[in-house]
Amino acid sequence: MHYVYLLQHDKTHEKYIGCTDDLARRLYEHNAGQQTATRRKTGEWKVIYAEIFRVKSDAVARERKLKNNARGRQELYKRISASELEN
């Protein structure tokens with residue numbers, strides 16, 4: 001299985017979208033400072049949303065849509081209740 005996930009930083013509420021085949025390992029890597037995109041933020045990243053795909057290419061395509069398309073991100077944020085997303 002492949003996952004597209006949305007992380008949120010506990011202090012800054014910054015969001016990060018990524019793709020992986022092992023969500024638990026990837027979350028650990030983000031929190032341990034092993035991922036370039038999130039290593040500069042001290043504090044904890046939490047998974048606030050994830051989608052599951054059987055085929056890696058589908059997950060990668062979805063990640064690209066969310067990262068490169070503001071409308072795609074807005075659609076995702078609409079799926080998540082306002083209480084889960086903090087600005």
Among residues at least two apart in sequence or on other chains, which ones pass side chain to side chain contact (heavy atoms under 4.5 Å, CB included) with Ala32?
Tyr28, Gln34
First locate atom CD1 of Ile52, then atom NE2 of His2, and finally report the distance between them rounded to the nearest 0.5 Å.
11.5 Å
Same apolar cluster (I L V M F W Y, side chains within < 4.5 Å links), [X]/[Y]:
X     : Y     : value
Leu76 : Val4  : yes
Leu23 : Phe53 : no
Ile17 : Ile48 : yes

Residue pair [X] / [Y], side-chain heavy-atom distance below 4.5 Å:
X     : Y     : answer
Arg62 : Glu51 : yes
Lys15 : Leu6  : yes
Arg26 : Tyr5  : yes
Lys46 : Gln8  : no
Leu7  : Tyr49 : no

Give a yes or no answer on whether the side chain of Asn31 reaches the backbone of Glu44 with a donor-acceptor pair at less than 3.5 Å.
no
Pairing residues for His9 by the ring pair (Phe, Tyr, Trp, His ring centres under 6.0 Å) criterion, not counting sequence neighbours:
Trp45
Please report the C-alpha distance between Met1 and Asp21 in whole Å, then the side-chain angles of each, then the deciding distance to 0.1 Å, and finally whether the side chain to side chain contact (heavy atoms under 4.5 Å, CB included) criterion is met.
CA-CA 6 Å; Met1 295 301 210; Asp21 62 350; over 6 Å; no
Pairs in or reaching into residues 64-74: which pass side-chain hydrogen bond (donor to acceptor under 3.5 Å, both in side chains), with residues at least two apart or in two chains?
Glu63-Lys67
